[in-house]
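In what follows, every chain begins at residue 1, and chains take the letters A, B, ... in the order their sequences are listed.
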Amino acid sequence: MTRRIRLKFFLVSAAALALCFFWGYAGLPAFGHGSSIYADIVNAISVPQRHITDAVTAVNFDIRGFDTLGEEFILFTSVLGVILLMRRTKDEPAGDHEDKAPGRKVPPVSDAVRVIALLLLAPTIVFGWYIVVHGQVTPGGGFQGGVILSSAPLLLYLCGSYPKVRGAAAPRLIEIAEALGAAGYIVIGGACVALGGMFLENLLPLGKAGTLTSGGMVPFINLGVGLEVSGGFTLILLVYLEELMEEKES
Amino acid sequence: MSYLPYAVAAWLFLVGLYGVISSRNLVHLIICVGVIQSSSYVLLLAIGYRTGAAAPIFVDIPVGTPAVDPVVQALMLTDVVVEVTVVALLLALAIQVHKRHGTLNPDELRKLKG
Amino acid sequence: MRLLPVLPVVVPLITAAALAVLTKLLPRAWSALIAIASTIATAAAAALLLRDSLQQPIVYWFGNWKPNGRMALGISFAIDPIGAGLATFAAVLTAAALVFGSKYFDSVENHFHALILCFLGAMCGFSLTGDMFNLFVFFELMSAAAFALCAYKTEDPGALQGALNFAVTNTIGAYFVLTGIGLLYARTGALNMAQMSEALASHPADKLVLVAFAFISCGYLVKAAVVPFHFWLADAHAVAPSPVCVLFSGVMVEMGLYAVARIYWAVFNQTLHADIASLRILVVSIGAATAVLAAIMCFSQRNLKRLLAFSTISHVGLMTIGVGLFTAGGLAGAAIYTLGHGLVKGGLFLAAGMLLHRFSTVDELDLHGRGRSEKWAGFVFFAGAIGLAGLPPSGVSAGDDLIHEAARAIGYHWVRWISFFAAIITSAAVLRAACRVFFGWGPRREEQPGGAPKTQESRETDRSQQRTPMTMIAPAVALVVAGMFLNFTPRLKRIATQSATEFQNSEAYSARVLRAAPKRTPTAPAPAPENPLFGISAFACAALGAACYLFSKSFRSTSRWITRPLSVLHGLHSGHVGDYVAFLTFGIAAFGLVCVLCLR
Amino acid sequence: MIVFQAFILLFVAAGGTAVVFTRDATSQAIVVSFYGLLLGIMFFVFQAPDVALSQIVVGAMALPLMIMLALARIRKQNRKRQQ
């Protein structure tokens with residue numbers, strides 16, 4: 001249908017949908033006065049039973065750990081999907097950078113950017129691992145730290161030229177790291193069954209709450225997830241960069 | 001104030017849908033899908049909030065203090081991951097559509113008529 | 001026993017991760033073998049679960065977080081025969097698709113096998129889980145794998161646009177599901193289905209519960225491709241690689257229906273039971289509209305894969321009627337119909353893949369008379385047409401019998417004629433295409449202006465094989481033959497009816513999940529009498545219709561008067577993602593309004 | 001505290017509308033990164049630090065970067081198409 005008919009048709013159905021939203025949301029408890037036994041139990045047991053001070057990580061990696069397993073494989077599948085979709089098919093010239101605009105010299109990276117990027121590189125990696133490792137103590141965890149870690153190769157790209165990034169962050173190596181991170185989650189779950197518990201049951205000694213080794217297997221899952229997420233995001237960004245950056249290379 | 005967050009959630013959903021319907025550029029359409037997703041953040045957040053409650057991090061506060069709902073925050077974390085992955089896939093599709101069709105305007109993509 | 005319930009999900013996922021690691025080190029044949037072996041292992045594990053769940057439905061708590069009397073904390077798998085059967089069926093179809101795909105693609109990488117394994121793991125998890133948010137997570141995992149698989153042939157312009165339409169509509173459907181889950185969590189404070197059901201049962205359903213039911217079931221109905229949401233399916237199927245189409249049509253679309261049935265019976269039944277009559281009218285009418293509209297579109301298609309896609313939508317409409325009857329017979333009929341239709345349609349898509357592999361086109365008129373050398377593809381097409389019409393031994397006829405019996409029992413006599421119409425038209429369409437391609441009957445050009453325009457289909461493999469390898473013929477023939485003779489399996493209907501009755505017993509479901517109450521053996525109603533006449537007459541009319549269309553010019557000219565509405569119908573299927581989302585909004589708003597106004 | 005929460009909610013609603021109504025894709029990428037930051041602040045104000053951290057990292061860094069790279073890619077394909 002034409003654009004105008006579609007907009008009119010949409011506005012009518014959007015009004016009806018707004019009515020549905022109103023009916024649905026009017027039945028909700030007033031903002032701030034909701035109550036959930038589930039939440040109260042989790043807040044009560046996350047430190048005494050699991051020595052995990054961050055209740056959200058307790059829910060994410062222990063009580064509802066199977067959801068996070070599904071979530072990690074969503075990321076794993078979409079990274080595979082992006083690599084598959086952006087692969088170079090037969091009818092494309094392999095190196096398509098010979099047709100870049102003639103006479104337009106790509107400006108070299110200014111020294112200021114290069115220095116700052118280099119200065120920032122090491123702290124970013126340390127900060128990323130700090131967030132990953134302290135997942136069960138303070139806000140953060142495998143996912144957030146992983147994304148911060150995936151910004152490290154970009155800093156490298158900022159301060160150098162593209163081959164350095166490809167050299168330092170070889171896609172082949174990262175793909176293996178990412179797959180190992182994802183598989184690691186299942187291996188830990190299987191190990192729990194081998195140790196005599198149910199899948200993903202926290203059987204390891206729980207350590208002292210608030211320390212890095214607290215929470216039994218949660219730190220290990222965090223490491224696996226951090227490895228996978230940092231690998232996954234770096235791959236996605238490299239795939240986007242790689243196609244783009246032939247020009248800058250030469 | 002007691003129903004403002006829910007109204008904002010409903011508004012974001014409808015605005016995002018309008019953006020998807022009326023979009024003339026696939027990348028703009030994908031970002032509008034991201035706006036629809038953010039309406040579910042606002043809804044889940046409003047459901048989990050308790051007035052006068054602290055964050056569910058018991059590092060410096062004793063365990064018994066009233067805290068916000070951690071289960072909803074775990075759902076939102078999964079939601080953020082889902083958003084990033086879906087947008088990454090959709091952007092890859094949009095790039096390939098542009099490479100094959102030369103245009104990003106859904107009106108001109110008449111490939112699958114009928 | 002502590003690991004078996006998890007195997008159908010974990011085995012494919014860890015094999016996918018392993019394949020991604022071994023991408024460059026492994027020759028292609030090896031990765032195909034590993035993928036097929038892992039799929040067969042998944043099928044075996046799911047079959048074992050099916051056998052165990054027939055005696056005693058299994059409840060499995062992850063992380064050993066069992067409910068402490070008041071609250072279900074962890075995530076549970078509530079495995080019953082219908083869920084386990086669906087997981088087994090998904091694994092079997094994936095194995096057939098992988099066997100077909102091993103020689104089919106020339107440039108396949110391990111990523112393709114890894115994605116299909118992730119897709120299988122997601123489908124198994126989706127059909128076994130008993131937790132509302134876990135269902136959503138596996139729904140997203142299934143969608144993410146499906147988007148990438150659908151756009152696998154990136155060199156074909158149509159593939160990308162079909163995949164984009166598919167991705168945008170399903171993602172927006174998923175956000176409606178998430179909104180519904182948020183509403184339910186705010187009301188019940190629980191995410192486990194059994195826990196939610198008991199929390200909702202305490203007081204009558206108000207507007208919030210009805211809107212939550214509307215959003216969640218509509219989100220899953222988008223995946224099930226019923227009428228207002230069905231537009232994406234034809235685009236996605238027309239362009240996806242044939243092995244992937246087998247999974248899309250065979251089991252992914254039925255997962256949406258399974259989710260709606262699971263959600264209604266596990267969560268909403270105890271509170272919405274009073275207005276089951278109006279719900280029945282709503283869902284059955286959606287199913288009937290889907291069956292009729294898609295059948296008409298199916299007959300007017302030229303591209304074989306689009307023709308099969310619209311026939312899938314039509315048969316999904318019939319299954320929606322089965323589920324929408326909200327009785328044990330209806331659900332059992334829909335389950336058997338899923339098996340029968342999935343097998344036959346899988347075989348048909350593989351046969352279309354063979355033609356594409358051999359002649360690099362699936363356009364009916366281009367293939368006019370060229371299919372004579374492809375004996376096996378011809379056999380599969382004709383057997384498929386018979387299977388779709390529902391001749392007595394086929395699974396579709398068993399499903400039809402149960403659905404018609406259940407419909408007659410509650411007074412919906414007209415349901416019989418809807419499935420009669422849909423069976424005739426879809427079977428006639430397949431017959432017409434088969435006769436034209438394999439026997440060369442009928443006109444070479446298409447005079448019908450209302451028909452679908454010629455869609456360019458790029459070949460999926462570069463070298464056009466003179467001989468179709470056996471690894472492509474065997475799975476297609478096996479699937480079609482299995483679909484044709486499904487009714488001979490012993491006690492099929494009795495088992496299906498008994499497990500459907502158990503599926504619908506929400507009180508027993510909650511007791512079993514939360515308090516591990518032993519299963520009471522419910523008395524299953526007597527299975528429906530056989531009705532071979534229906535299938536035979538349907539096929540006869542289909543054959544007559546196809547013959548008339550092909551031979552008598554007057555028959556084609558008399559059908560001139562329907563070209564006006566037909567071209568309007570084709571105009572609606574415009575391939576524009578904005579139109580699809582507009583129809584999606586309209587469908588969900590209408591479903592929500594009807595739910596809130598008519599129920600309660 | 002309540003006033004601040006109400007303000008941040010209205011900003012988020014306005015931000016979402018702004019993202020939808022900037023039709024040009026490049027400027028929309030900038031607006032979307034501010035919108036991601038706004039969401040992060042909203043999560044912080046509503047006592048959800050974990051989600052705030054992930055939203056800031058994703059919404060303000062990873063997402064806009066992907067969008068900008070995708071747009072650069074599309075511009076490059078446009079240039080190649082014109083030659």
If you count heavy-atom pairs under 4.5 Å between each of [options] and chain B, which one has the most?
| options | result |
| --- | --- |
| A:A26, A:P48, A:S78 | A:S78 |
| A:S35, A:G81, A:A209, A:S46 | A:S35 |
| A:L11, A:V229, A:N43, A:V79 | A:N43 |

How long is the span from the [atom1] atom in [X] to the [atom2] atom in [Y], to the nearest 0.5 Å?
| X | Y | atom1 | atom2 | answer |
| --- | --- | --- | --- | --- |
| B:I57 | A:I52 | CD1 | CD1 | 11.5 Å |
| A:L85 | B:L91 | CG | CG | 11.5 Å |
| A:F9 | B:I21 | CZ | CD1 | 9.0 Å |
| B:T78 | A:F143 | OG1 | CZ | 9.5 Å |
| A:D40 | B:D69 | CG | CG | 8.0 Å |
| B:L77 | A:F61 | CG | CZ | 8.0 Å |

**Study point:** Salt bridge A:R6-B:D107, side-chain N to carboxylate O under 4.0 Å
**Key:** yes

Region of [X] that comes under 4.5 Å of a non-hydrogen atom in chain B:
| X | result |
| --- | --- |
| A:E72 | neither |
| A:F10 | side chain |
| A:A18 | both |
| A:I236 | side chain |
| A:F233 | side chain |
| A:V47 | side chain |

Practice item. Would you mind checking which part of B:F13 comes under 4.5 Å of any heavy atom in chain A, side chain (CB onward), backbone (N, CA, C, O), both or neither? Key: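 B:F13 touches chain A through side-chain heavy atoms alone.
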
Review point. Tell me, side chain or backbone of B:I95 under 4.5 Å from chain A's heavy atoms, or both, or neither?
Key: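 For B:I95, the side chain is the part near chain A, not the backbone.
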
Practice item. Show your working on side-chain contact (heavy atoms from CB on, under 4.5 Å) between B:Q73 and A:V59 and close with a plain yes or no. Key: CA-CA 9 Å; B:Q73 292 182 14; A:V59 171; over 6 Å; no

Practice item. Kindly indicate, with the supporting measurements, whether the criterion ring-ring contact (aromatic ring centres under 6.0 Å, His included) is fulfilled by B:Y49 and A:F31. Key: CA-CA 7 Å; B:Y49 184 72; A:F31 170 62; 5.2 Å; yes

Minimum heavy-atom separation for [X] and [Y], please, with both atom names.
| X | Y | result |
| --- | --- | --- |
| B:L14 | A:A14 | CD2-O, 4.1 Å |
| B:Q96 | A:M86 | NE2-CA, 3.6 Å |
| B:F58 | A:A55 | CE1-CB, 4.0 Å |
| A:A44 | B:V63 | O-CG1, 3.8 Å |

Treating [X] as the side-chain partner and [Y] as the backbone partner, does any N or O pair qualify as donor plus acceptor under 3.5 Å?
| X | Y | result |
| --- | --- | --- |
| B:R50 | A:H33 | no |
| B:Y3 | A:L28 | yes |
| A:E71 | B:V81 | no |

Review point. When heavy-atom pairs shorter than 4.5 Å are enumerated against chain A, which of B:V72, B:L43, B:V82 gives the highest number?
Key: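 Of the options given, most contacts go to B:L43.
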
Check your understanding: Between B:G64, B:A67, B:S22, which has the largest tally of heavy atom pairs under 4.5 Å with chain A?
Key -> B:S22

Review point. Take atom CD1 in A:I37; do more than 12 heavy atoms of anything else shown fall under 6.0 Å from it?
Key: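 No, because the 6.0 Å sphere around CD1 of A:I37 holds 12 heavy atoms or fewer from other groups.
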
